[in-house]
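Heads up, the thing below is written out as structure tokens.
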Amino acid sequence: MASFEEECIERYFLAPGSSGPIGSVYVADDHLLEIFGVAELEQARKQFIKSLPHVSILKSRFSGLVPPLKGLPPDYVKILVFLCWMQTTKMRQRGDRDFRQLLSKQLGEDFTGFKMNGLDMMWEHLKDFLWRVHGIELVLPEIIENIRRIGRTLQMAFPTWRDKAAFRKLRQYIPPDHLLDPLAIANRIHTSRYLLGDTMQSFEYNFEKFDIARKRGHREHEATPFWHAWYAVVAEQAAIEEIEVIESDFGGYELFRVPPVGDRVSISSPEEAANLVPKPLARLISKGLVFLDSIGFGRYRAQAVAETGIFLMSAIKFSQCDPAVIRSSAAINPDWVVATFRGKFGERTPPAASKRVFGWRNGIRIGSAAYLGRSPLTPSITGPLPEAIQVEAGGKPISLMRIGDEMVLEPGIYSGTVTAHSLGASHEVLMVPRANEVGEVRRLAFDPSRYLSEDEFHYGKAPTTGTEFEIWSGERIDPCHELVTLGEALYERTARGLSLPEAIDIVRKTIALNVDRPSEWEILRSFFDAGWIEPTFLRHFPARRLLQNELGARSVGDAAVIICGPTPLAVVDRIAVAARAAGGTLEPLNGASPWVLPRLVAHFPNDQSRRDFLRRAAIRELPQSEQAVADVADHGDPYGFRVVGKLKADRGFFNACFEETMTDGLYRLERPGSNSLFLHRSVVPGKQDQNYTSASVAMLSHYLRLGSDVFLYDGSVMRSIATGVMLPSSWARWASDRALCNPGPSKRTGGWQYEYPAEDKTTEAIARLLPIRRQRDTAFGWRDRFLLSASNHNRKIYDSRHRGIRMASAMHGKSK
């Protein structure tokens, strides 16, 4: 993992400097929460201060007694970043304006009257370093005589109290209905700057960045620091945020508040956003019944009125409902439930349709200016009159399809400038056919101190150590266009980490037009098991983040190299060239269905050629996996936790459940009022209860503890007997290395089902850890034959071995 000093240089200077000169440093509070992997700002503040040098060293730096050494890289950037942050953080009291007093409060040391000659030395040294080493221009403000020692540090930070004062003054001159209209803001500043008083360089710099982004369209201005700072000032007087519910893993839901600008913010209950949302919605929150309207792809927006049958409701109100009208339910926390009902729930009026603005929306950004040009993930176009929209590329018209209120490009691959016209206006975007390769500097690596792998104690382990070929002999099929497109999108979006709901949203958009396809969960799982993505939990916050894995290699003998990790089109091209240059060949090996990612193996005539390839391709040999164990016991007392869900065996996800005692089954527990991760507790009569963090590991271990067979092997592929149970991704990657065939959803048995291609020796190694039934064995009983029979589709049976009702459609891979 890069040091905090390197993180500061990359995030606040190298990244923004790639698009032009730097004239300001924007350090948001959310940045610190992300960098330090904590949920509370006070914790981040303490860790930030802990990362700084001792106060005595800081004083020597500030006074100029220890100046930066010429020609050496900077070792003080985190100090400058800290000084910028302390002026802009929301922890600063509104009356705190003196720079030295702010510093004294943060560090607990008196800096009144202290000389700050060293600050200019550090800024000048940093300016020279960025230009000499990286070709990046750092524009330093002019020295102001009355604040010459701290003036540059004051002017580089944004937004300081001076900037916020200018925003508050600007707010008075803009009509309430136009407070979030970027054109109105830009016009008022252009024509009335004298009304704002004296503004610092950082204000001017960030306004210009905002104005340029506004002119580019596609709502790019919403990502600028200027707009974030402006919205924070507007939000002081207006409650205009929204609440969004997003479908999560195993049928659960996650709750967010959504400001008009910026990213969604995770919240644990609607009450946290009651003061930020409009009053009609706040009143519904207080009553415990909030209407949800679907906005597509597993996302729902809270509304004061709605017509759908899905609701966000308090657990008390939910317990009063007639079970006969409840279609499904899932707990968000011990006090709130998302419930779907049959039919209508009272008389309501649908919300009025919002005005649609003409322009490009959504899309997968590639680099700083382009978008992925592979349908169906190309940007869509909206406008007041969708039928009047026309699109052309290279002077040739492009056919459009209407989906809801948006127009999307017809299926295809697009490259170059694409222009949309409507009612005399036009907007253009640049599209590219594939993602750029991600360098190791940009990739956010897996850090065990900040993240916990979904594999939990199985992470980095395999049924056997070492790698040998046992190549799968089944039929292989080329990957479909949607899977290739999805691979390019996920590769680009996971470079710096991606939340699970956003990843699911991307998958759903990709497969929306395809009727005959697997579930989005199985498709995303195939990327985990292929080694492209590492699914993780934040250790100190109940959220999931997907991280891009390192590109690596495993050598098998002296003549073959298995390529491990993400292999989008750009990576495949580069590796193929390196293999040819080293005297070898690169062979792609497809999977068992169009929805399975291919494997890559490079062949060489000798060991010297193989070593040459690894040097040319700059690929690291991955270490051998450790020996796996079937289960690791954790019998800890779940004190302070409360049951919020219970595994529904026939569906494979957790239903809302608020039982006070746990008698038999797999339960999901949450600690109210904390940021602890979910706890999954396996309760099997006659055995000691066990705890797990990962739901997938918990399900696998729970069925193992029940003593029943977990997987079925038919001589060609393995598949789960119990719905929703998966092999740990680390094991799946090991099996794929041996078979040179990735796992994934397949339709060989009549319905989509997740399968692991394997030969006999591979299955025997797994069978030493998990009970696997061979389909041709006599032990394959009448219950399993009943469930596998297509004629019994949707029929149910009680299976005493699993202590629950099982459905035949589950065995055929019916979508959850």
Side-chain angles (χ1 to χ4, degrees), residues 455 458-477 479 525-534 549-567 575 585-593 596-604 610 614 619-630 700 710-720 726-746 748 754-775:
D455 277 358
H458 294 303
Y459 177 69
K461 297 181 173 62
T464 62
T465 58
T467 303
E468 60 182 24
F469 286 141
E470 193 184 13
I471 301 175
W472 186 61
S473 56
E475 181 185 1
R476 298 174 185 262
I477 304 173
R525 181 74 190 196
S526 69
F527 281 86
F528 302 165
D529 291 349
W532 284 49
I533 300 170
E534 190 65 49
N549 276 323
E550 173 190 10
L551 183 65
R554 295 189 191 279
S555 295
V556 180
D558 296 337
V561 174
I562 305 171
I563 307 301
C564 305
T567 52
I575 293 176
T585 57
L586 184 68
E587 179 186 10
L589 294 165
N590 294 322
S593 89
V596 177
L597 293 160
R599 287 305 308 261
L600 297 177
V601 59
H603 301 281
F604 302 96
R610 179 188 63 84
L614 293 176
I619 302 179
R620 183 176 72 92
E621 283 265 19
L622 298 177
Q624 285 190 355
S625 301
E626 300 178 20
Q627 179 61 48
V629 294
L700 178 65
V710 183
F711 286 90
L712 179 71
Y713 178 60
D714 64 3
S716 178
V717 299
M718 283 176 48
R719 56 181 177 270
S720 170
M726 299 283 189
L727 283 179
S729 291
S730 297
W731 296 16
R733 295 168 192 172
W734 164 84
S736 176
D737 287 345
R738 294 171 62 95
L740 291 182
C741 185
N742 277 322
S746 178
R748 296 185 320 115
Y754 203 87
E755 297 179 340
Y756 301 86
E759 297 295 318
D760 289 347
K761 290 183 180 179
T762 300
T763 310
E764 289 169 4
I766 299 175
R768 289 193 285 269
L769 300 169
L770 299 175
I772 298 177
R773 177 180 303 150
R774 298 181 70 91
Q775 187 168 343

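All residue numbers in this chain count up from 1 along the given sequence. Everything numeric in this text was worked out from a predicted model, so none of it was measured.
- The two atoms that bring Ala592 and Cys741 nearest to each other are N-SG, 4.2 Å, heavy atoms only.
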Name every donor-acceptor pair, under 3.5 Å, that has one atom in a side chain of residues 552-564 and the other anywhere in the protein, sequence neighbours excluded.
unit_1: Arg554; atom_1: NE; unit_2: Asp737; atom_2: OD2; d: 3.1
unit_1: Arg554; atom_1: NH1; unit_2: Pro623; atom_2: O; d: 2.9
unit_1: Ser555; atom_1: OG; unit_2: Arg610; atom_2: NH1; d: 2.8
unit_1: Ser555; atom_1: OG; unit_2: Glu621; atom_2: OE2; d: 2.3

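- Closest of all the heavy-atom pairs between Ala765 and Trp734 is CB-CH2, 3.8 Å.
- Distance check, rounded to the nearest 0.5 Å: OG of Ser593 to CD of Glu475 gives 11.0 Å.
- For Glu587 (side chain) and His603 (main-chain N/O), no donor-acceptor pair under 3.5 Å exists by modelled atom type.
- To the nearest 0.5 Å, atom NZ of residue Lys461 and atom CG of residue Leu769 are 12.0 Å apart.
- Interatomic distance, Glu468 CD to Lys761 NZ, rounded to the nearest 0.5 Å: 6.5 Å.
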- Show your working on salt bridge (charged side-chain N to carboxylate O under 4.0 Å, His left out) between Arg719 and Asp714 and close with a plain yes or no. CA-CA 9 Å; Arg719 56 181 177 270; Asp714 64 3; 3.4 Å; yes

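- Arg733 places no side-chain N or O within donor-acceptor distance of the main-chain N or O of Gly460, the cut-off being under 3.5 Å.
- When all heavy atoms of Val717 and Arg748 are compared, the closest pair comes out as CG2-NH2, 2.7 Å.
- At least one side-chain heavy atom of Phe711 sits less than 4.5 Å from a side-chain heavy atom of Leu727.
- The main-chain N or O of Leu740 is never found under 3.5 Å from a side-chain atom of Trp472 such that the two would form a donor-acceptor pair.
- Taking the side chain as every heavy atom from C-beta outward, Asn590 and Pro479 approach each other to under 4.5 Å.
- Ile471 is not listed as a side-chain neighbour of Leu589, based on a closest heavy-atom distance of 4.5 Å or more.
- Contact annotation: the side chain of Leu622 approaches that of Glu550 to within less than 4.5 Å [non-hydrogen atoms, C-beta and beyond].
- Contact check for Tyr713 versus Thr762: no side-chain heavy atoms found under the 4.5 Å cut-off.
- Across all non-hydrogen atoms, the minimal contact from Gln627 to Pro463 is NE2-O, 2.8 Å.
- Side-chain atoms of Asn742 never come within 3.5 Å of backbone atoms of Gly591 as a donor-acceptor pair (strictly under, hydrogens ignored).
- Between Arg768 and Thr464, some side-chain heavy-atom pair lies under the 4.5 Å cut-off.
- Side-chain atoms of Asp455 come within 3.5 Å of backbone atoms of Ser729 as a donor-acceptor pair (strictly under, hydrogens ignored).
- Residues meeting the side chain to side chain contact (heavy atoms under 4.5 Å, CB included) test with Pro588, sequence neighbours left out: Leu600.
- Contact record, Leu597 with Ala530: CD1-CB, 3.7 Å, taken as the closest heavy-atom pair.
- Within the 4.5 Å cutoff, no side-chain heavy atoms of Ser526 are placed close to those of Trp532.
- The side-chain heavy atoms of Asp529 and Trp731, taken from C-beta on, include no pair separated by under 4.5 Å.
- Thr585 is linked by a side-chain hydrogen bond (donor to acceptor under 3.5 Å, both in side chains) to nothing, counting only residues two or more places apart in sequence or in another chain.
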